[in-house]
Amino acid sequence: MKTIGVLSMQGAVSEHLQKLQQVGVNAKRVRTQDDFSQIDGLIIPGGESTAIGKLLDDFNMTDFIREQIKNGLPVWGTCAGMILLAKNISNQEKTYLATMDITVQRNAYGSQLNSFVTEEKITQISPNKLPLIFIRAPYIESADTDVNILAVVDNNIVAAQQNNMLVTSFHPELTDNNDVHLYFKSMC
Ligand code: GLN
């Protein structure tokens, strides 16, 4: 059975762990370098990118995780996780893991009050219409040509993949649909 780690610094960790169990993978909280020795993939959850980024630095994990991803570890960043993976953030200078060739805008939809739910078909992930939950979400403003755009909502890119890296602006772990977790499992 595959083991997928969920980065456990801050954010929606337990929701992802629960989903992973539902799709038949071993789910593991990861925080230290040792934790990474047994995982086939990594989820970076939603939360607050500044907090997660600071904790990654405090735990001395930023360079280590960047290397793991560059060496091919499958990774999926949801919401704040997308911000952590982006090489450019248009409305701030600081970047974090900076492994994926995308430019994202943080809090692109405005404040918490502008959080919303919609539905979209993402053909590369699932034949079903998926519920999409956006919570103070980022979106992708631009992407290099080798980034595969998976979903566009209101003219904004909200899901994309570049080789072993998947990002979504939205939170599949907060819905009752398992298709994005199944898709990530297939990447691992
Ligand atoms: N607004 C958060 C940030 O900038 C992301 C929100 C989320 O992950 N739901 O990090």
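Applying the side-chain contact (heavy atoms from CB on, under 4.5 Å) test to Thr103 and every residue at least two apart in sequence or in another chain returns Asn88, Ser90, Glu141, Ser142. Contacts of Phe116 classified as side-chain contact (heavy atoms from CB on, under 4.5 Å), with partners at least two apart in sequence or in another chain: Tyr109, Thr118, Phe134. Legend: residues meeting side-chain hydrogen bond (donor to acceptor under 3.5 Å, both in side chains) with Gln162, ordered by chain and number and at least two apart, are Asp101, Asp146. For Asp144, the side-chain hydrogen bond (donor to acceptor under 3.5 Å, both in side chains) test picks out no residue, with sequence neighbours left out.
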Go through the steps for Leu7 and Ile65 under the test side-chain contact (heavy atoms from CB on, under 4.5 Å), then give the verdict.
CA-CA 10 Å; Leu7 186 68; Ile65 296 179; 3.9 Å; yes
For a side-chain contact (heavy atoms from CB on, under 4.5 Å) check, start with the C-alpha distance between Met82 and Ile140, then their side-chain angles and the critical distance, and finish with the verdict.
CA-CA 9 Å; Met82 169 193 271; Ile140 299 174; 3.7 Å; yes
Val23 and Tyr183: CA distance, side-chain angles, deciding distance, side-chain contact (heavy atoms from CB on, under 4.5 Å) verdict:
CA-CA 10 Å; Val23 301; Tyr183 180 74; over 6 Å; no
Evaluate side-chain contact (heavy atoms from CB on, under 4.5 Å) for Met165 paired with Ile69, printing each intermediate quantity in order.
CA-CA 8 Å; Met165 297 173 280; Ile69 296 170; 3.9 Å; yes
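Membership of the apolar cluster around Ile135 extends to Val117, Ile133, Leu174, as traced through chained side-chain contacts below 4.5 Å between ILVMFWY residues.
Put simply, Val6 and Met61 are part of two different groups of oily side chains (I, L, V, M, F, W, Y) that touch within less than 4.5 Å, one to the next. Put simply, Ile102 and Leu85 are part of the same group of oily side chains (I, L, V, M, F, W, Y) that touch within less than 4.5 Å, one to the next. Grouping the Ile, Leu, Val, Met, Phe, Trp and Tyr side chains by contacts below 4.5 angstrom, directly or via other members, places Leu84 apart from Ile43.
Residue His181 is tested with Gln18, Glu173, Gln22, His16 for a side-chain hydrogen bond (donor to acceptor under 3.5 Å, both in side chains); the sole match is His16.
Electrostatic pairing of Asp57 and Lys54 does not count as a salt bridge here, judged by no charged N lying under 4.0 Å from a carboxylate O.
A side-chain donor from one of Asn178 and Lys19 sits under 3.5 Å from a side-chain acceptor of the other. For the residue pair Asp179 / Asn128, a side-chain donor-acceptor distance below 3.5 Å is found, with atom types taken as modelled.
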Less than 3.5 Å apart, which donor and acceptor atoms pair up between the side chains of residues 149-159 and the rest of the protein, not counting sequence neighbours?
residue	atom	partner	partner atom	Å
Asn156	ND2	Asp154	O	3.4

